[in-house]
Asks: 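Let me give you the structure first, and then I'll get to my questions.
Quick caveat, the model's predicted, so the values are computed rather than measured. Residue numbers start from 1 in every chain, and the chains themselves are labelled A, B, ... in the order their sequence lines are given, proteins ahead of strands.
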Number of protein chains: 2
Amino acid sequence: MAQTQTLSKNQKIILDIIEKANEPLKAYSILFSVQKKGIKAPLQVYRALEKLIKLGKIHKVESRNAFIACKSSNCEISKATAFSICETCEKVTEISDQKLSKYLKNFHDKTGMIYKKYNLEFYGLCTTCKRN
Amino acid sequence: MAQTQTLSKNQKIILDIIEKANEPLKAYSILFSVQKKGIKAPLQVYRALEKLIKLGKIHKVESRNAFIACKSSNCEISKATAFSICETCEKVTEISDQKLSKYLKNFHDKTGMIYKKYNLEFYGLCTTCKRN
DNA sequence: TAACAAACGTTACATTATAACACTATGATA
DNA sequence: TATCATAGTGTTATAATGTAACGTTTGTTA
Ligand SMILES: [Zn+2]
Ligand SMILES: [Zn+2]
Ligand SMILES: [Zn+2]
Ligand SMILES: [Zn+2]
């Protein structure tokens, strides 16, 4: 029962912070904000992040070294992720597009390589920044 | 004449190393191998890397913090990159697929955001590792 | 209750990347 | 030819990101 998976104390604390943020969080900014809750060392944060990623609760935005809560619950356990990133305001949004994910899941190259996961990041200008 | 762009001394040295490598190189492993050529500091490497990326000569493999020479010359000045990455042997290959790049270049989300660039990374098992 | 796996806490360290400053080369321009 | 702008260089120091290694604690299961 993967869905009933109960999180550990540290995992809950860190997921909570990431879910409440409206932007991707960096590992060390997470560390600073949980130090009052007794989490003092980077490793405690990174271990929780690693587990949360495995569970698909959060994703890493690779080009930004930052972590964001999963909003789509379509990206089965983090195997298929897509983000839009504004290069001006750094706003990051998870893309949930059935056609896109279907297209990418079915993608095969000529070599016959087996793809288990993918991560796609679009960079551009969000609608707010476009106006300014 | 973007093609006739001439590279500086450091840029040439570093591009040369990356092009001759058959794997993505890390910034500090580049640094170590160019120290005999007088490049002593990380910044000298990172500055050259930054320029080479802008020119589309190399790409950064974001999830690996590593740099690889562009093989496709279809990804106009690094605006559209796709890689396949073997999670076992860490072999990285740039994907040149007309259909894929066309599909992604034309992708629009509901928000109306303008996409200028994208980077896609597939993770899986290469054909060599599949056999073992 | 023994045995095991997962999570925890801690110290130390490794890796990746940038800030700040002064200097140099190059080519355009007036 | 002076002078101006731009890009590149070299250097020191430091910031930011991520792990290794060790032993302990906790919860689950046989
Ligand atoms: Zn998701
Ligand atoms: Zn924006
Ligand atoms: Zn390329
Ligand atoms: Zn492989």
Side-chain angles (χ1 to χ4, degrees), chain A residues 1-2 4-18 21 23-68 77 87 90 92 119 121, chain B residues 1-2 4-18 21 23-68 77 87 90 92 119 121:
Chain A
M1 259 168 261
T4 328
Q5 178 90 33
T6 107
L7 300 177
S8 76
K9 191 193 86 193
N10 288 1
Q11 289 159 13
K12 271 179 207 154
I13 292 172
I14 285 168
L15 176 56
D16 192 54
I17 287 187
I18 296 176
E23 59 182 356
L25 297 182
K26 303 262 197 171
Y28 274 71
S29 94
I30 294 171
L31 175 58
F32 295 141
S33 46
V34 296
Q35 275 177 336
K36 48 198 144 194
K37 293 190 176 156
I39 297 178
K40 292 171 198 159
L43 247 195
Q44 296 175 277
V45 173
Y46 280 104
R47 284 198 280 227
L49 290 173
E50 185 183 20
K51 189 62 190 288
L52 292 169
I53 288 171
K54 265 188 199 151
L55 295 173
K57 302 283 189 187
I58 65 171
H59 305 303
K60 181 171 188 181
V61 183
E62 292 290 353
S63 68
R64 299 302 189 261
N65 298 318
F67 304 86
I68 191 172
I77 320 294
E87 288 181 309
E90 290 295 323
V92 175
N119 178 58
E121 299 183 3
Chain B
M1 259 169 263
T4 330
Q5 177 88 35
T6 107
L7 299 178
S8 77
K9 190 195 86 193
N10 288 1
Q11 289 158 13
K12 271 180 207 153
I13 292 172
I14 284 167
L15 176 58
D16 193 53
I17 287 188
I18 296 175
E23 59 183 356
L25 296 182
K26 302 264 196 168
Y28 273 72
S29 94
I30 294 171
L31 174 58
F32 294 140
S33 47
V34 296
Q35 276 177 335
K36 51 200 142 194
K37 292 189 177 158
I39 297 178
K40 291 173 199 158
L43 247 195
Q44 296 173 280
V45 173
Y46 280 104
R47 285 197 280 227
L49 290 173
E50 186 183 20
K51 189 61 190 288
L52 293 170
I53 288 172
K54 265 187 198 151
L55 295 174
K57 302 282 189 188
I58 65 170
H59 305 304
K60 181 172 186 181
V61 183
E62 292 289 353
S63 67
R64 299 301 190 261
N65 298 318
F67 303 86
I68 191 171
I77 320 294
E87 288 181 307
E90 290 295 323
V92 175
N119 178 58
E121 299 183 2

Asks: Has B/Lys60 got a side-chain N or O lying under 4.0 Å from the OP1 or OP2 atom of C/dA17?
Replies: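 True: B/Lys60 side-chain N/O within range (under 4.0 Å) of C/dA17 OP1/OP2.
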Asks: Between B/Gln44 and D/dG10, is there a side-chain N or O to OP1/OP2 distance below 4.0 Å?
Replies: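 Answer is yes, contact under 4.0 Å.
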Asks: Out of curiosity, B/Phe32 CZ to B/Lys26 NZ, how far, rounded to the nearest 0.5 Å?
Replies: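 With rounding to 0.5 Å, CZ (B/Phe32) is 12.5 Å from NZ (B/Lys26).
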Asks: Would you mind reading off the distance between A/Leu49 atom CG and D/dT17 atom P, rounded to a whole angstrom?
Replies: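 Between P of D/dT17 and CG of A/Leu49: 12 Å.
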Asks: For a 4.5 angstrom cut-off between non-hydrogen side-chain atoms, does B/Ser63 reach A/Asn119?
Replies: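 No, side chains not in contact.
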Asks: In this structure, how many angstroms lie between the P atom of D/dC22 and the CZ atom of A/Arg47, rounded?
Replies: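 One finds 14 Å between P of D/dC22 and CZ of A/Arg47, rounded.
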Asks: Any side-chain to backbone donor/acceptor pair from A/Glu121 onto A/Val61? Under 3.5 Å, distance only.
Replies: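 No; judged by distance alone, with no hydrogens or angles, the pair does not exist.
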Asks: Could you identify which residues of residues 28-43 of chain B place a heavy atom less than 4.0 Å from some atom of DNA chain D, listed by residue number, or say none?
Replies: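 B/Lys40, B/Ala41, B/Leu43 - these, ordered by number, are the residues of the stretch whose heavy atoms sit under 4.0 Å from the strand.
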Asks: Atom CD of A/Glu62 to atom C1' of C/dA17: distance rounded to whole Å?
Replies: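 To the nearest whole Å, that distance equals 16 Å.
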Asks: Nearest whole Å is fine: how far is C/dA6 C1' from A/Leu52 CG?
Replies: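 Between C1' of C/dA6 and CG of A/Leu52: 14 Å.
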Asks: In whole Å, what is the span from the CD atom of A/Gln11 to the P atom of D/dG27?
Replies: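 Taking atom P of D/dG27 as the reference, CD of A/Gln11 is at 13 Å.
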Asks: Measure NZ/B/Lys26 against C1'/C/dA17 and give the value in whole Å, please.
Replies: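 So the two atoms are 13 Å apart, to the nearest Å.
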Asks: Just so I know, are the side chains of A/Lys60 and A/Asn65 near enough to count as touching, which here means a heavy-atom distance under 4.5 Å?
Replies: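 A side-chain contact exists here, since the closest heavy-atom pair is under 4.5 Å.
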Asks: Side-chain N or O of A/Ser8 less than 4.0 angstrom from OP1 or OP2 on C/dA6?
Replies: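 Negative; the distance criterion is not met.
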Asks: So, does B/Lys51 get its side chain near the phosphate of D/dG8, meaning an N or O under 4.0 Å from OP1 or OP2?
Replies: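 Yes, because at least one side-chain N or O of B/Lys51 sits under 4.0 Å from OP1 or OP2 of D/dG8.
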Asks: Is B/Asn65 near enough to C/dT15 that one of its side-chain N or O atoms lies under 4.0 angstrom from OP1 or OP2?
Replies: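 Looking at the OP1 and OP2 atoms of C/dT15, neither is under 4.0 Å from any side-chain N or O of B/Asn65.
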Asks: Could you tell me how far apart A/Ile14 (CD1) and C/dG9 (C1') are, to the nearest whole angstrom?
Replies: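 Taking atom C1' of C/dG9 as the reference, CD1 of A/Ile14 is at 13 Å.
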Asks: Within this structure, what is the CG-to-P distance between A/Asn10 and D/dG27, rounded to whole angstrom?
Replies: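 In whole Å, D/dG27 P lies 13 Å from A/Asn10 CG.
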Asks: Could you work out which one of C/dA20, C/dT16, C/dT10 sits closest to the side chain of B/Tyr46?
Replies: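 Of C/dA20, C/dT16, C/dT10, C/dT16 is nearest to the side chain of B/Tyr46.
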Asks: Does B/Arg47 form a side-chain contact (heavy atoms from CB on, under 4.5 Å) with B/Asn10? I'd like the steps, not just the answer.
Replies: CA-CA 9 Å; B/Arg47 285 197 280 227; B/Asn10 288 1; over 6 Å; no
Asks: Rounded to the nearest 0.5 Å, how far apart are CD1 of A/Ile30 and CD1 of A/Ile39?
Replies: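 Here the interatomic distance stands at 10.0 Å.
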Asks: Distance check: side-chain N/O of A/Lys9 vs OP1/OP2 of D/dT25, anything under 4.0 Å?
Replies: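 Looking at the OP1 and OP2 atoms of D/dT25, neither is under 4.0 Å from any side-chain N or O of A/Lys9.
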